[in-house]
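The shown structure was predicted, so the numbers you read here are calculated from the model rather than taken from an experiment. Throughout, a chain's letter reflects where its sequence line sits, starting with A, and its residues are numbered from 1.
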There are 2 protein chains.
Amino acid sequence: MLLETIQQPSDLKKLSHQELQTLANEARIVLLGKISYHGGHNGPNLGMVEMTVALHHVFNSPVDQLIFDVSHQTYIHKMLTGRAEAFLSPEHYDDVSGYTNPKESEHDLFTIGHTSTSLSLANGVAKARDLKNETNNVIAVIGDGSLSGGLAYEGLNNIVEQGTNTIVIVNDNDQSIAENFGGVYRNLKELRETNGQAKNNFFRALGFEYHYLEEGNDVAALIELFEAVKDKKTPVLLHIHTIKGKGFKFAEENREKFHAGGPFSLTTGDYLASGSQEETYGSITTDFLMGKMQTDPKIVAVNAGTPMILFSKEQREKVGNQFVDVGIAEEHAATMTAGLAKNGAKPIWAVFSTFMQRSYDQISHDLALNDLPGTILVYGASVNGMNDESHLGIFDIPFLSHIPNVIYLAPTTKEEYLAMLDWSIEQTDHPVAIRVPVGAVKETGIKDQTDYTQYFKSQVTKEGSQVALLGLGNFYSLAEDIAFDLETKHNINATIINPKFISGLDTALLDRLEEKHELVVTLEDGVIDGGYGQTVAGYLGNKDLKIQNYGLEKLFHDRYSVSKLLVENGLTKENIIKNILNSL
Amino acid sequence: MLLETIQQPSDLKKLSHQELQTLANEARIVLLGKISYHGGHNGPNLGMVEMTVALHHVFNSPVDQLIFDVSHQTYIHKMLTGRAEAFLSPEHYDDVSGYTNPKESEHDLFTIGHTSTSLSLANGVAKARDLKNETNNVIAVIGDGSLSGGLAYEGLNNIVEQGTNTIVIVNDNDQSIAENFGGVYRNLKELRETNGQAKNNFFRALGFEYHYLEEGNDVAALIELFEAVKDKKTPVLLHIHTIKGKGFKFAEENREKFHAGGPFSLTTGDYLASGSQEETYGSITTDFLMGKMQTDPKIVAVNAGTPMILFSKEQREKVGNQFVDVGIAEEHAATMTAGLAKNGAKPIWAVFSTFMQRSYDQISHDLALNDLPGTILVYGASVNGMNDESHLGIFDIPFLSHIPNVIYLAPTTKEEYLAMLDWSIEQTDHPVAIRVPVGAVKETGIKDQTDYTQYFKSQVTKEGSQVALLGLGNFYSLAEDIAFDLETKHNINATIINPKFISGLDTALLDRLEEKHELVVTLEDGVIDGGYGQTVAGYLGNKDLKIQNYGLEKLFHDRYSVSKLLVENGLTKENIIKNILNSL
């Protein structure tokens with residue numbers, strides 16, 4: 001294979017257009033081989049094959065600096081920059097991450113995983129180049145889906161303002177993760193349909209020199225365009241139409257399904273892990289909301305570009321105007337939620353923990369300062385969530401729970417979760433966030449009758465002495481396991497507490513712990529710094545009680561094994577019991 | 001005065017255009033009377049006089065819902081909605097806040113203080129209206145300066161997508177706080193110069209029905225335009241050219257100076273508090289950076305729309321391309337800083353604590369995950385900062401210090417600050433944030449020789465026993481005061497510690513405190529929840545030491561008296577000494 005002869009991008013320089021096309025064809029086959037076996041981002045990479053080949057033929061990485069938005073479309077880039085083995089040999093599949101990673105290659109400038117940052121990064125890189133009086137090209141590749149994020153617009157504005165070489169490539173495949181939403185997409189459509197000639201032009205309005213290319217999967221056409229703008233002294237925007245999923249029929253036909261996923265069959269296009277029919281906390285949420293929406297037209301779910309965490313395409317059609325996908329624009333989702341709540345709707349914003357952090361200011365000001373009763377459902381908030389360093393769900397407790405007025409809840413069972421969710425939707429006093437449990441559904445069969453207006457009231461599920469275990473949310477069961485062993489193996493009758501509330505303390509309960517306990521142990525499924533346990537430690541610091549906080553070390557843990565990470569962080573029953581026994 | 005007859009906006013309905021013009025003239029005089037005596041946002045309100053009169057004449061607040069971006073331009077709105085007394089009578093000047101405030105009036109929908117949120121709020125309000133099958137108008141007023149924030153663009157996109165009544169008014173006075181920066185401003189200029197007829201039209205490109213009005217300070221023209229679009233079923237965007245500072249010569253002539261400020265002379269246009277020549281931590285920073293920039297062209301300062309915290313207009317001209325104002329776009333500032341650092345520049349991003357929170361995700365991912373050596377100078381991070389509930393500088397420790405890789409420093413003197421700043425600019429290992437001290441400059445006269453690569457190493461400034469006082473940054477002097485009284489009045493020789501680092505602990509030092517101490521006291525100038533003290537408490541929880549954390553209650557404190565707030569939060573020397581004595 002030609003591909004195997006490519007050690008670095010400069011090896012593409014000497015290839016003819018015909019050979020480059022062959023290389024692209026090989027790369028697509030190799031890509032399909034890996035993603036069908038291993039899983040990954042399918043559509044985005046299939047669509048980028050030709051463009052990546054053309055980029056590395058025309059430009060001169062790493063002297064010319066390439067920045068890819070989200071960087072989930074860089075599998076071919078990795079193949080062509082010395083990492084082909086990670087796509088050719090199954091035993092090396094995991095040698096590379098699913099995103100650009102400077103630790104892997106000098107051709108990867110940044111670790112990226114969230115959308116809409118590429119243009120601002122490029123603006124900084126280009127400004128530094130100018131300060132150093134260097135003359136290389138800076139190229140940012142951004143998908144149409146990422147254009148809905150406000151940061152992309154800030155980047156566009158500032159690239160024009162800077163006025164020096166920056167080549168912005170809008171890779172327009174007419175699809176976000178799911179559908180695109182927002183006014184700018186009408187303009188992109190108009191531009192595609194007029195071969196870039198439409199009178200209304202978002203990019204020209206911002207001051208860009210604009211070029212349109214319809215044949216975004218044609219190597220020769222791409223090379224011609226890139227050659228034409230290479231080394232320009234002023235910013236230029238290339239609007240290039242590509243086919244998401246290009247070259248794999250099933251991916252071209254079902255672009256949402258094939259945005260990303262696990263292993264699939266190349267012959268049938270079916271994912272191998274058949275969708276389980278088992279109940280999950282996700283399916284419970286969906287069922288509950290769809291039922292409740294039918295009887296209350298004021299309930300409205302909001303989401304920023306990941307609608308599938310709540311509703312499938314069919315379900316979205318069913319709930320109609322009671323669901324809003326705002327595009328990949330988490331800030332807008334948060335602030336719109338505030339507007340909805342203010343005007344008497346009952347909004348539920350569903351968001352992954354890792355993406356929620358994109359709206360810190362909007363949660364703080366628009367929701368919390370205004371004290372508006374929107375509900376935030378926080379998905380994937382756990383060590384058992386996405387495990388790429390760019391998609392961690394372990395920072396939400398530190399950043400969310402210390403914002404005034406926010407009631408942050410940690411349910412431990414299905415019944416508790418549904419009671420909290422129902423209460424949150426109906427109450428009109430505060431913003432409420434719920435850390436949607438992760439993992440197998442736990443059902444008690446007993447309806448949760450808790451009055452959640454009794455803010456910060458914890459539940460003592462077992463009255464004991466000596467040791468009190470506060471098991472927060474997903475880690476409540478760890479508290480139960482520890483208590484069981486303490487009792488059966490060490491004759492210690494520990495108290496077990498389900499805190500329920502993350503954002504405040506049951507001070508009456510904590511005050512009385514002193515009477516019968518020597519040690520308070522907190523367990524939380526997130527980083528320990530700034531977490532729940534430290535607020536407990538701060539409160540109890542002046543009392544005659546010892547406190548042990550358990551959680552994860554403050555690090556960007558990357559592609560970790562959960563069980564190994566738990567061991568490394570002392571988060572095992574055995575270690576905690578050992579420490580408890582040492583302390584008593 | 002006609003103004004005194006206006007009890008509510010409906011009173012404007014019956015007025016003739018002539019009377020409305022009289023009302024506007026009166027309102028401007030009353031406004032000048034208050035702001036020249038009291039201080040406030042000058043230019044923005046002077047420019048909005050006629051528009052506010054016309055809005056309340058045509059629309060029907062509070063049924064029609066008005067949302068003002070930042071809401072610093074709503075003084076006239078307040079006058080016309082039952083709050084004229086707060087502008088007419090000096091003894092009532094402080095009855096109203098400088099922003100919209102739902103606690104004051106049903107005509108104020110939201111508490112707002114940060115930019116670019118109005119369109120997303122309006123989008124939520126309008127969506128709720130639609131769900132309720134109501135038909136009122138939703139009107140959002142946003143200044144040109146706020147258009148540089150990405151959230152405004154997200155709002156524009158989603159208003160078009162929603163497709164129902166929302167009237168967006170772009171109040172274009174061709175000025176942000178200082179100059180405008182970004183491509184969109186070229187288009188606004190083009191549109192102003194062509195009376196809205198330019199071919200390139202940013203708003204039309206996003207799908208808006210667009211109307212331009214040149215005479216934005218003409219009541220009759222404004223009324224005609226508003227009447228024409230009132231009750232439209234689809235979104236509409238009104239681009240209205242107003243004069244910032246209109247009607248006060250000095251404000252029209254010097255728009256940056258008269259954006260906001262304290263009391264000024266109506267006859268000379270001079271601010272009464274003459275610019276002190278005394279050294280401040282701000283002036284120290286400016287002097288240091290200007291000096292260092294001269295010898296190192298790779299040093300570059302970045303700021304998002306508040307350039308005056310670093311450089312005056314003249315100084316900006318002097319430093320030239322070593323300063324970048326990105327517009328009011330804090331996310332871009334953070335991410336651009338990452339790009340600059342990656343490519344070998346030495347960026348310093350200067351930002352207020354309250355605005356830094358708009359970039360949580362960009363600090364976390366672009367700077368911290370990539371572990372890039374950008375410097376963040378955090379201004380106004382103190383209880384002694386801005387004291388509006390929408391501009392508090394007391395949340396930065398909880399949200400910033402728990403992000404991995406960030407080194408967050410708290411200097412206590414001029415020498416320490418400059419040593420930290422110089423080190424930060426030259427080091428190449430991590431993002432470093434410095435909490436710029438607030439208040440009078442403290443000078444030791446002794447150069448700080450600390451090696452700041454010894455991460456998290458605290459300084460023991462006085463070795464004692466029994467009690468260890470950790471006084472963080474601005475509160476270090478409080479620790480000294482307490483220690484002095486403990487020694488002189490209670491014969492207790494307390495240990496004093498200057499932690500220097502906020503984002504990590506000197507565990508070796510904390511470990512050895514147990515030997516000679518019973519009590520550890522932490523003092524920090526910010527909210528206590530998620531703060532520095534709680535990390536200390538968490539670390540020491542399992543030891544034979546008591547811990548007391550001092551800081552502010554987790555609340556949006558509003559227009560507080562600092563001394564009163566400190567008393568209410570137990571942050572007085574007397575209270576802390578009492579608690580210490582009780583604990584020993």
Heavy-atom pair with the smallest gap, counting every atom of [X] and [Y]:
X	Y	value
A:G124	B:L340	O-CD2, 3.3 Å
B:N370	A:P102	OD1-CG, 4.3 Å
A:L131	B:Q322	CD2-CG, 4.4 Å

With only heavy atoms counted, which part of [X] is less than 4.5 Å from chain A, the side chain, the backbone, both or neither?
X	value
B:L188	neither
B:S148	backbone
B:S503	both
B:Q162	side chain

(message) Per the ring-ring contact (aromatic ring centres under 6.0 Å, His included) rule, what does the pair list look like for residues 529-550 of chain A, sequence neighbours excluded?
(response)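 Those involving residues 529-550 of chain A do not exist here.
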Would you call [X] and [Y] a side-chain contact if the rule is heavy atoms closer than 4.5 Å?
X	Y	value
B:H365	A:S390	yes
A:N123	B:T335	no
B:Q65	A:K342	no
A:R204	B:N187	no
A:V160	B:R186	yes
B:F556	A:S364	yes

If you count heavy-atom pairs under 4.5 Å with chain B, which of [options] comes out on top?
options	result
A:A128, A:S120, A:A537	A:S120
A:G327, A:G504, A:P347, A:A368	A:A368
A:I67, A:L206, A:D130	A:L206
A:P404, A:G538, A:G541	A:P404
A:V138, A:N579, A:L372, A:V326	A:V326
A:R129, A:Q357, A:K346	A:Q357

Which residue out of [options] racks up the most heavy-atom pairs below 4.5 Å with chain A?
options	value
B:L540, B:T354, B:L147, B:D558	B:L147
B:A329, B:A345, B:G207	B:A329
B:N549, B:N321, B:N201	B:N321
B:V527, B:L191, B:I403, B:V536	B:I403
B:G183, B:A334, B:G530, B:G155	B:G183
B:F110, B:F399, B:F181	B:F110

Quick one: [atom1] on [X] to [atom2] on [Y], what's the gap to the nearest 0.5 Å?
X	Y	atom1	atom2	answer
A:T117	B:D361	OG1	CG	8.5 Å
B:H402	A:I528	NE2	CD1	11.5 Å
A:K127	B:T337	NZ	OG1	12.0 Å
B:D366	A:I112	CG	CD1	7.0 Å
A:L369	B:T111	CG	OG1	5.0 Å
A:I159	B:M336	CD1	CE	9.5 Å

Check each atom of [X] against the heavy atoms of chain B and say whether the ones under 4.5 Å are side chain, backbone, both or neither.
X	result
A:A122	neither
A:P398	both
A:L156	neither
A:V302	neither
A:L519	side chain

(message) For B:N343 and A:K132, which I'm curious about, is there any donor-acceptor pair between the side chains at under 3.5 Å?
(response)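 Distance-only check passes for B:N343 and A:K132.
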(message) Under a 3.5 Å threshold, yes or no: a donor from one side chain and an acceptor from the other, between A:S583 and B:N542?
(response)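 Note: A:S583 and B:N542 side chains meet the donor-acceptor criterion.
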For [X] and [Y], indicate whether the former's side chain and the latter's backbone hold a donor-acceptor pair under 3.5 Å.
X	Y	result
A:N158	B:G182	no
B:K554	A:S401	yes
A:E154	B:G150	yes

(message) Centre-to-centre under 6.0 Å for A:F202 and B:Y153, is that the case here?
(response)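 Between A:F202 and B:Y153, the centre distance is under 6.0 Å.
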(message) Can you confirm whether more than 12 heavy atoms, excluding those of B:K543, are under 6.0 Å from its NZ atom?
(response)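 Count over threshold, so yes.
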(request) Carefully, step by step, assess A:L151 and B:Q362 under the rule side-chain contact (heavy atoms from CB on, under 4.5 Å). (result) CA-CA 10 Å; A:L151 181 54; B:Q362 289 69 38; 3.7 Å; yes
(message) The criterion is salt bridge (charged side-chain N to carboxylate O under 4.0 Å, His left out); which residues satisfy it with B:E389, sequence neighbours excluded?
(response)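 Salt bridge (charged side-chain N to carboxylate O under 4.0 Å, His left out) list for B:E389, sorted by chain: B:K103.
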